[in-house]
Amino acid sequence: MPELPEVEVVRRGLERWVSGRTIDTVEVHHPRAIRRHTAGAADFAARLKGLRLGVARRRGKYLWLPVTGGGPAAQTAAEGIGPLVTPSVTHGLAILAHLGMSGQLLVQPHDAPDEKHLRIRVRFDDDQDTELRFVDQRTFGGLSVHDTVPGDADQLPDVIAHIARDPLDPAFDDAAFHDALRRRRTTVKRALLDQTLISGVGNIYADEALWRSKLHYERPTATFTRPRTTELLGHVRDVMNAALAVGGTSFDSLYVNVNGESGYFDRSLDAYGREDEPCRRCGTPIRRRPWMNRSSYFCPRCQRPPRA
DNA sequence: ACGTCGACCTGTGGGC
DNA sequence: TGCCCACAGGTCGACG
């Protein structure tokens, strides 16, 4: 469930169903699902055992669970074994998740049959009837454990420090984003998909926000005016909030919340996936163009291409 | 510093 | 029916 609204739906599910619980055992069924965890599956499972999960967090399409307790290093620090082993900078740990193209985090009863693409199972040390499962058909997603950025209020895992804040983050800096657009010699859709400029926007919501803004995806950003940037950001936020309100976009059963349920925003899409269907503003058939190994959908009348 | 491309995977649907 | 190709919501690193 790749883009921000879908990931946020999952984050809310994790917060409700697994935050506050303590990990008992972890099974890794496929090594690719932990490939960011370079120390391997056995280390991954060992480090997770005994950890207590904090409140689920999200930046763009990344999810993480800050953790406390557990492993030997953390225990040593917590117990204050002595000044020689007490780190001068206290850093935390977090379990990082990215869903890739087809990842799911499911909270399932223990006796639910294993999914065909079950990659990781997390059992908890409590009496609740559920476990957490990472299921991923294409194995582009995965889980890993990382140090958090020292002093960071969000306990951001260090490996995603390069990911920009997302447009639903209250600390997102609109003016700085506008300045970055002006500095770049790139085009607007490329910029929207650049996770170091603005995170959480993927192919669907980029096309939807551009349609709402009446902007062609090849528009250069260097000449954007402040009002144009403001309007674009407004549409990005509006479309994401609208999708979030109905559980996100699900074209098929791959994109589900932690309870396996699909969202309904596919019915409300104006551009994405609507090739040859009439533009809801002007009736002109929506076009699809190959673009960067994927597709761009746009209205050829409402979204005029820039002069070459 | 930018852009482009391929790699990483499995599965589905259309055309023949 | 099968086979082949195009395509699918993402990210990263190599290369120019």
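Reminder, nothing fancy here: chain letters follow the sequence lines and each chain counts from 1. Since the structure is predicted, the reported quantities are computational estimates derived from the model, not experimental observations.
Here the C1' atom of nucleotide C/dT11 and the CZ atom of A/R32 are 11 Å apart, to the nearest Å. Summarising the geometry, the separation between CG on A/N293 and C1' on C/dA14 is reported as 15 Å, rounded to the nearest angstrom. As a whole-Å value, the separation of A/D252 CG from C/dA8 C1' is 9 Å. In this entry the distance linking CD of A/E6 with P of C/dA8 reads 16 Å, nearest Å. Distance A/E3 CD to C/dT11 C1': 13 Å, rounded to the nearest Å. Here the C1' atom of nucleotide C/dT11 and the CG atom of A/D194 are 12 Å apart, to the nearest Å. Straight-line distance from the CG atom of A/L197 to the P atom of C/dT11: 13 Å, rounded to whole Å. Across the protein-nucleic acid pair, A/Q104 atom CD and C/dG9 atom C1' stand 13 Å apart, rounded to whole Å.
Comparing the same atom, P, in B/dC5 and in C/dC7 gives a spacing of 15 Å after rounding to whole Å. Separating the P atom of B/dA7 from that of C/dC5 is a span of 16 Å, rounded to the nearest Å. Nucleotides C/dA6 and B/dG6 place their P atoms 13 Å apart, quoted to the nearest Å. Taking atom P on both C/dT11 and B/dG11, the two are 22 Å apart, rounded to the nearest angstrom.
Taking the 5.5 Å centre cut-off and the 30° plane limit, the aromatic side chain of A/F140 is classed as stacked on C/dG10.
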TODO: Can you run through DNA chain B from 5' to 3' and write each base as (, ), [, ], | or . depending on how it pairs? Watson-Crick or G-U wobble, both distances under 3.5 Å.
DONE: .|||||||.|||||||
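Using a cut-off of 4.0 Å between Lys/Arg side-chain N and Asp/Glu carboxylate O, A/D270 and A/R281 are scored as not salt-bridged. We find that A/D136 and A/R32 are not joined by a salt bridge, their nearest charged nitrogen and carboxylate oxygen being 4.0 Å or further apart. For the pair A/R11 and A/E15, the salt-bridge criterion is met [side-chain N within less than 4.0 Å of a carboxylate O].
Contact footprint of chain A on DNA chain B: nucleotides with an atom under 4.0 Å from a non-hydrogen protein atom, first to last in 5' to 3' order, B/dC2 to B/dG11.
The minimum heavy-atom distance between A/H216 and A/R304, with the atom names listed, is CB-O, 3.1 Å. Taking both residues in full, the closest heavy atoms of A/H235 and A/S213 are given as CD2-OG, 3.2 Å, listed atom of the first, atom of the second, then distance.
Between A/F251 and A/Y272, the ring center distance clears the sub-6.0 Å criterion.
In terms of the ring pair (Phe, Tyr, Trp, His ring centres under 6.0 Å) criterion, residue partners of A/H37 (sequence neighbours excluded) are, by chain and number, A/F44.
Two residues, A/S295 and A/Q195, neighbour DNA chain C, and the one matched to the more 5' nucleotide by heavy-atom proximity is A/S295. Toward the 5′ end of DNA chain B lies the nearest nucleotide of A/R190, the other residue of the pair A/H30 and A/R190 mapping further downstream.
Remark: A/K61 is in phosphate contact with C/dT11, judged by side-chain N or O atoms under 4.0 Å from OP1 or OP2. Contact check, A/R36 against C/dT11: no side-chain N or O comes under 4.0 Å of OP1 or OP2. An OP1 or OP2 oxygen of C/dG10 is reached within less than 4.0 angstrom by no side-chain nitrogen or oxygen of A/H98. When the side-chain nitrogen and oxygen atoms of A/Y272 are compared with OP1 and OP2 of C/dG9, one or more of them lie within a distance under 4.0 Å.
At a threshold of 4.0 angstrom between heavy atoms, the contacts of A/R183 with the nucleic acid are absent. Contacts of A/Y62 with the nucleic acid, taken as non-hydrogen atoms under 4.0 Å apart, involve only primed sugar atoms and P, OP1 or OP2. Residue contacts for A/D136: at a heavy-atom cut-off of 4.0 Å it reaches no nucleic acid atom on any strand shown.
Between A/V26 and A/K49, every side-chain heavy-atom pair lies at or beyond the 4.5 Å cut-off.
Between A/F298 and the choices A/Y217, A/W211, A/W291, the ring pair (Phe, Tyr, Trp, His ring centres under 6.0 Å) rule is met once, by A/Y217. Looking at A/V7, A/L96, A/L143 one by one, the single match for side-chain contact (heavy atoms from CB on, under 4.5 Å) with A/L63 turns out to be A/V7.
Note: A/F177 and A/F172 have tilted aromatic rings, judged against thresholds of 30 and 60 degrees for the angle between ring planes.
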